[in-house]
Amino acid sequence: MKPDVPPSPLRLKIDAAALAHNWRALDRLSGRASAGAAVKADGYGLGAAQVVPVLAAAGCRDWFVAHWQEVPEVLRHVPAGSVSVLHGPMNQAEIAFARATGVRPVINSLEQAQRWTESGGGVCDLMVDTGMSRLGVPMSALAEPAIVALNVDCCMSHLACADEDVQQNEQQRVQFDTVRGFVNARRYSLANSAGIVLGTAYHADLTRPGIALYGGIPRPELASTIRQVVFPEAAVIQVRHIQPGDHVGYNATFTATAPVRAGIVALGYADGYLRSWSGKGGFWWKGQRLPVIGRVSMDMTIVDLAGADDCSEGDWLSLDYAPIAAAKASGLSQYEIYTVLGRRFARFTEN
Ligand SMILES: *Cc1c(COP(=O)(O)O)cnc(C)c1O
């Protein structure tokens, strides 16, 4: 018999009640439109296996992934007809997979439209570029026969700057109104999390929040509504007594000037605790903040245990991961602090 693998010294607690609350709040803020969920990148790093069932139970009925490889995990929890693949069909293998599973490709170009129709067509989604110059059929191509021939469920576009107060939001909205005159679809969708806050004119039929579901706050209007969902924790695997003059970590970026009781934590940049946290990050132990000293290494980070005399080997520390503060301290975006979280975290839902 194979031995049981011992539990990970890293755990990622996902507050299921907060996640469900955030979806319901965003659905409500979407007015007459329904909120779907962007669950690409393994549910923004939280784990699609954890977040999809919670969101489905909260009432979510529309799912967006980016890659075809992300489909199977999502399909373990929700019906195929409710899943859209944002990158669309690039080749015959992807078309065959779309047909076999029943998920909808999002058509992003004339070439993708032709490819889909030539292989037999059927219901798809359509992405139109209203000003981001990323994926999407250009406005100028909407009257092309390859686009007109599509059987479109959801016609969408994506806002480039919804987290800012800039002219481009209104420009994209006006362009999207024009799109609606050209493309005959069952549903229309424009807003991501931040776009929901821009108001009714942006809601159309379906909104596509991602980051705010997971606790991110892309606009201040959401700060009082959105709850923190992600609570990473890491175990102390050794306690050391560092003497004045001792150097700490790679490249000796920290040198003790007084005795330091230090904790070696089993978390490093391979887990998404990137080196940008070196000398800046902090962990929590019973209400006491423990600052990171020296450089973050691949599998370990060193913290100052001053004021945490009872903290010892095997104890769990909470990461300082409130999204706005964590993004600011690390220099990463709120999107990055979640999506970098590595596979060594044991992911679990609580509540
Ligand atoms: C990622 C993504 C979303 C979700 O955006 P958030 O800013 O995370 O709310 C919505 N639509 C598309 C097309 C996306 O790629």
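The basis for the numbers below is simple: all heavy atoms, side chains too, and nothing from hydrogens, waters or symmetry mates. Numbering of residues begins at 1 and proceeds along the displayed sequence. Order of listing sets the numbers, starting from 1, for every ligand and every atom in it. Quick caveat, the model's predicted, so the values are computed rather than measured.
Atom CG of Asn184 has 12 or fewer neighbouring heavy atoms from other residues, nucleotides or ligands inside a 6.0 Å radius.
Distance alone, capped at 3.5 Å, is enough to place a donor-acceptor pair between the Gln172 side chain and the His158 backbone.
Counting only N and O atoms by type, the side chains of Gln112 and Ser109 include no donor and acceptor under 3.5 Å apart.
Within 4.0 Å of ligand 1, protein heavy atoms come from Ala38, Lys40, Tyr44, Leu86, Met127, Arg134, His158, Asn192, Ser193, Arg208, Pro209, Gly210, Ile211, Tyr335.
With sequence neighbours excluded, the residues forming a side chain to side chain contact (heavy atoms under 4.5 Å, CB included) with Thr349 are Ile14, Ala16, Gln50, Val54, listed by chain and number. In this structure Val123 satisfies the side chain to side chain contact (heavy atoms under 4.5 Å, CB included) test together with Arg104, Asn151, Asp153, Arg186, sequence neighbours excluded. Scanning for side-chain hydrogen bond (donor to acceptor under 3.5 Å, both in side chains) contacts around Asp165 gives Arg219, with sequence neighbours left out.
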